[in-house]
Amino acid sequence: MNEYSRDQISKESPNNHNGGISNDDLNELRSLLFGVEPQKLNKIYERLDNPDINAEDISRLLPEAVVRSSMEDKLLGEAMVPAVEEAIQTSVKQDMNVLSEAIFPILAPAIRKAVSTALEAAIQSLNQTLEHSLSPQSFKWRLEAVQTGKSFAEVALLRSLVYRIEQIFLIHRETGLVMQHLVGAMVTAQDPALVSAMLTAIQDFVKDSFNVASDETLETLHFGELTIWIEQGPKAVLAGVIRGNAPQELRSVFQDALEKIHLKFIREIHAFSGDTEPFAASKSYLEPCLQTRYQEQEKKNYAYFWVALGIAGIAFGIWSFFTIRDRMLWRAYVEQLNHQPGIVVINSGRRDGKYFISGMRDPLATDPTTLLKPGHVNPKAVKSNWKSYLSFEPELTVKRAEQLLQPPTTVTLKVDDKGILYATGSAPQKWISEARKLARFIPGVTQFNDENLFNSELQALESYKQQIEAENIFFREGSTELVSGEEAKLQNLVKTLEKLFSSAKSLQKNVMLQIAGHTDNDGTEQINMPLSQARAQAILNYINSQGIQTANFRTIGVGTNKPLRLGSTSEEKKMNRRVSFKVFLTDSKK
Amino acid sequence: MLQKKICMVGAFATGKTSLVARFVTSIFSEQYQTTVGVKIDKKTVNIEGKELNLILWDLHGEDEFQKLRMSYLRGSSGYLLVVDGTRHNTFDKALELQARVENTLGKIPFILVMNKFDLTEEWEIDVNDINQIKAKGWIVINTSAKSGMGVEEVFQTIAKKMLEG
């Protein structure tokens with residue numbers, strides 16, 4: 001522009017000094033020719049010539065220009081990559097800490113994400129292997145693995161693939177030489193240089209053989225499970241080896257990668273003479289092409305399965321509950337039996353759907369079957385086998401003694417650990433005698449102790465004696481006639497006498513009854529003595545009349561000598577008009 | 001890694017495939033199998049301490065029924081013109097092919113390989129012819145794929161030439 005600037009035009013004009021044309025004339029001519037005011041034109045020149053003003057203008061327009069360019073396409077971003085990379089390199093060389101501090105916050109999350117992605121891939125691979133490891137199909141795959149020499153995991157992964165881009169070739173279009181080559185995980189790759197060359201040869205062969213137009217290219221090759229997609233660029237070719245059926249949309253990923261590589265490496269591609277080193281950085285552009293997709297597991301409707309499983313679960317729960325409860329009840333029952341005296345459980349358990357129990361049992365011990373129902377154990381589900389034995393446990397020995405001795409209810413039997421049988425309470429003499437004889441024959445009894453066992457008949461005899469001696473029969477004043485109501489007492493007295501005689505007889509004792517007559521203190525002794533005698537006799541007569549042997553009975557009249565009361569009042573005198581009794585018991589001579 | 005494409009060019013049955021087989025796998029077979037289309041092999045050589053991958057395009061031999069496909073030659077860094085020394089017509093064919101190749105690829109390194117040198121009693125190529133060729137600045141090397149004579153030298157020489165550019 002400088003050469004066209006106003007000043008220069010003025011200087012360079014051949015007519016400037018020789019033609020006689022003034023600057024004004026020239027300016028006028030310029031305004032006529034360009035239609036622009038000279039001053040404005042001068043300003044424009046000034047702006048163009050001044051680098052500071054240019055920079056200022058560009059700085060105003062640059063942000064908007066960058067935004068617009070980014071919205072339209074990615075070319076600006078791609079174009080800036082070398083500059084940015086260089087800037088970063090320069091920054092690192094100058095001061096590494098600046099960049100380190102800047103990227104530090106994103107570095108750790110990025111590492112975590114990378115580790116997480118790697119783990120996910122590993123888990124997915126493991127899942128695929130495990131999911132198919134036990135299916136019927138897996139046997140077929142195992143056979144295939146054996147036949148092909150591949151691992152089962154590899155075959156399982158291949159068969160569950162929708163597609164996988166196994167290899168990516170970046171090929172120099174003119175020479176057919178490989179510039180970059182990427183291989184997927186677990187993929188066995190041939191020499192990329194040979195494959196690349198062969199692909200180029202095939203391409204050339206097809207073109208030559210079928211007379212196709214020069215811009216037409218071979219885009220797809222199929223070999224069994226493998227498909228090769230070929231994307232042609234102006235200077236480079238991108239070929240992807242695909243196993244399975246890849247979606248056509250993936251071609252756009254290939255194309256995108258190829259476009260970026262052309263943009264980024266166009267100088268290197270032009271200058272390519274077989275050296276692959278400059279294309280090392282193209283790896284990052286090609287990696288997105290190495291895609292893999294596995295079959296998604298069908299989401300089957302498992303409602304019936306879950307219902308069935310739920311029912312089975314509930315049934316199992318109920319069954320478990322009852323089974324556990326039964327077993328607990330059974331254990332409690334066995335435990336209870338073990339604690340029963342006279343029962344020894346030797347073996348117990350469950351066999352053929354039934355409980356069994358065997359052991360030894362004293363016949364006098366509790367019947368085990370009687371404990372089944374209280375223990376909530378089904379008797380039909382139990383098979384018992386008991387062998388009899390004699391238990392020397394005190395409880396059983398007592399039972400055995402009771403069975404043999406048949407003690408009266410007034411007798412309590414007890415056996416201590418030493419086998420001493422204690423009999424306490426009262427019993428007839430006869431039973432006591434029998435017990436003393438039999439006790440020694442009772443299994444488990446070593447000794448019989450009846451120190452605290454009393455003769456019940458003797459006690460009864462004593463009781464009758466006391467009853468009789470406590471009795472007084474009252475008479476009318478100066479008479480042998482009984483006071484009204486005394487007859488009943490006499491009848492009871494007769495009954496008591498009968499019991500006394502009966503007891504005395506069993507105890508081999510003789511009974512002698514003394515009937516003593518009494519009077520009040522009224523009257524003289526001459527009158528009272530015979531009266532008292534007569535009263536005793538009257539009672540004796542009555543007793544005799546009731547059928548009681550009175551041979552050993554004796555009557556005496558004591559008059560006023562043994563009064564019951566003082567006799568100062570009529571009431572006391574009434575109490576003294578009586579007959580009293582005294583019983584004498586003596587052992588009968590054999 | 002540096003890699004270069006080399007094409008084996010020549011009339012049919014001159015021993016192109018045998019030369020490649022001898023060079024790559026050190027094997028020679030008396031059985032003749034004609035090459036259909038192209039066969040590609042690779043061999044890594046060390047040229048003055050520099051590893052170089054030679055991608056060898058063994059092209060089918062040209063005869064009256066089958067013309068050489070020039071498209072296969074595209075991008076070659078060098079080529080070997082293989083002549084069967086026992087058949088003079090293969091020499092003529094080599095000269096003809098060289099002209100065509102140069103017309104297609106321009107001036108790139110090449111070597112005239114006089115193969116089957118083990119069959120000297122049947123040799124048909126006159127020394128004068130060879131001298132005339134050499135006078136043109138061509139490199140001529142006698143080889144025998146059967147004995148291995150000159151094979152390594154041929155590939156080493158072409159590799160060096162290619163690296164020299």
Side-chain angles (χ1 to χ4, degrees), chain A residues 169-183 189-218 221 230 232-237 239 268-283, chain B residues 1-9 16-17 20-21 23-25 35-45 47 50-60 62 65-79 100-101 104-106 108-109 158-165:
Chain A
F169 295 86
L170 182 65
I171 303 166
H172 189 247
R173 186 165 178 169
E174 191 186 346
T175 60
L177 296 174
V178 65
M179 295 190 289
Q180 183 58 276
H181 176 238
L182 266 67
V183 190
Q190 300 297 320
D191 190 321
L194 290 180
V195 176
S196 171
M198 210 60 226
L199 279 173
T200 309
I202 292 166
Q203 186 86 246
D204 293 339
F205 173 78
V206 172
K207 273 188 179 176
D208 283 354
S209 302
F210 302 108
N211 272 339
V212 293
S214 61
D215 57 335
E216 286 176 354
T217 56
L218 188 66
L221 294 170
I230 303 166
Q232 299 282 346
K235 294 288 173 189
V237 177
E268 289 85 349
I269 295 172
H270 272 295
F272 182 69
S273 60
D275 187 6
T276 56
E277 193 64 34
F279 299 95
S282 66
K283 204 173 175 182
Chain B
M1 174 67 84
L2 196 61
Q3 47 186 341
K4 296 287 181 187
K5 175 179 173 180
I6 297 173
C7 286
M8 306 293 289
V9 182
K16 297 181 289 298
T17 305
V20 171
F23 178 56
V24 176
T25 58
T35 303
V36 178
V38 61
K39 192 170 160 290
I40 297 166
D41 268 299
K42 190 183 98 173
K43 171 97 174 183
T44 305
V45 292
I47 306 295
K50 207 172 186 179
E51 294 274 292
L52 177 65
N53 269 349
L54 298 180
I55 312 300
L56 306 170
W57 287 52
D58 176 17
L59 308 183
H60 61 86
E62 184 167 294
F65 306 109
Q66 197 177 7
K67 288 283 174 192
L68 181 68
R69 290 173 192 267
M70 285 300 153
S71 58
Y72 289 147
L73 291 155
R74 188 165 37 82
S76 288
S77 298
Y79 59 97
R100 275 161 55 195
V101 172
T104 307
L105 300 178
I108 58 168
I158 190 77
K160 278 181 194 166
K161 283 281 168 194
M162 285 188 300
L163 287 178
E164 285 167 7

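Lettering follows sequence order; numbering is per chain, from 1. The figures here come from the full heavy-atom set of this structure, side chains too, leaving out hydrogens, waters and symmetry mates.
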What's the shortest heavy-atom distance between B:Y72 and A:A201, and which atoms?
-> CE2-O, 3.6 Å
If you count heavy-atom pairs under 4.5 Å with chain B, which of A:E277, A:Q203, A:M198 comes out on top?
-> A:M198
What's the shortest heavy-atom distance between A:A197 and B:I55, and which atoms?
-> CB-CG2, 3.8 Å
Heavy-atom neighbours of B:K43 NZ exceed 12 at 6.0 Å | yes
With sequence neighbours left out, write down each residue that passes side chain to side chain contact (heavy atoms under 4.5 Å, CB included) with A:L221, or none if nothing qualifies.
-> A:L199, A:I202, A:L218, A:F223, A:I228, A:I230
Could you tell me which residues satisfy side chain to side chain contact (heavy atoms under 4.5 Å, CB included) with A:A189, sequence neighbours excluded, listed by chain and number?
-> A:Q167, A:H181, A:V183
Inter-residue atom distance B:S77.OG - A:L177.CG, 0.5 Å rounding | 6.5 Å
Let me know if A:T200 has heavy atoms under 4.5 Å from chain B in its side chain, its backbone, both or neither.
-> both
Is a donor on one side and an acceptor on the other found under 3.5 Å between the side chain of B:Q3 and the backbone of A:V178?
-> yes
Begin from the C-alpha positions of A:D204 and B:R69 and carry the test side-chain contact (heavy atoms from CB on, under 4.5 Å) through to its verdict.
-> CA-CA 9 Å; A:D204 293 339; B:R69 290 173 192 267; over 6 Å; no
If every non-hydrogen atom of B:K5 is compared with every non-hydrogen atom of A:T175, which pair is closest and at what distance?
-> CD-O, 3.3 Å
Compare every heavy atom of B:K4 with every heavy atom of A:S273, then report the nearest pair and how far apart it is.
-> O-NZ, 2.6 Å
Which heavy atom in B:R74 sits nearest to a heavy atom in A:R173, and how many Å separate them?
-> NH1-O, 2.9 Å
So which part of A:F272 gets closer than 4.5 Å to some heavy atom of chain B, the side chain, the backbone, both or neither?
-> side chain
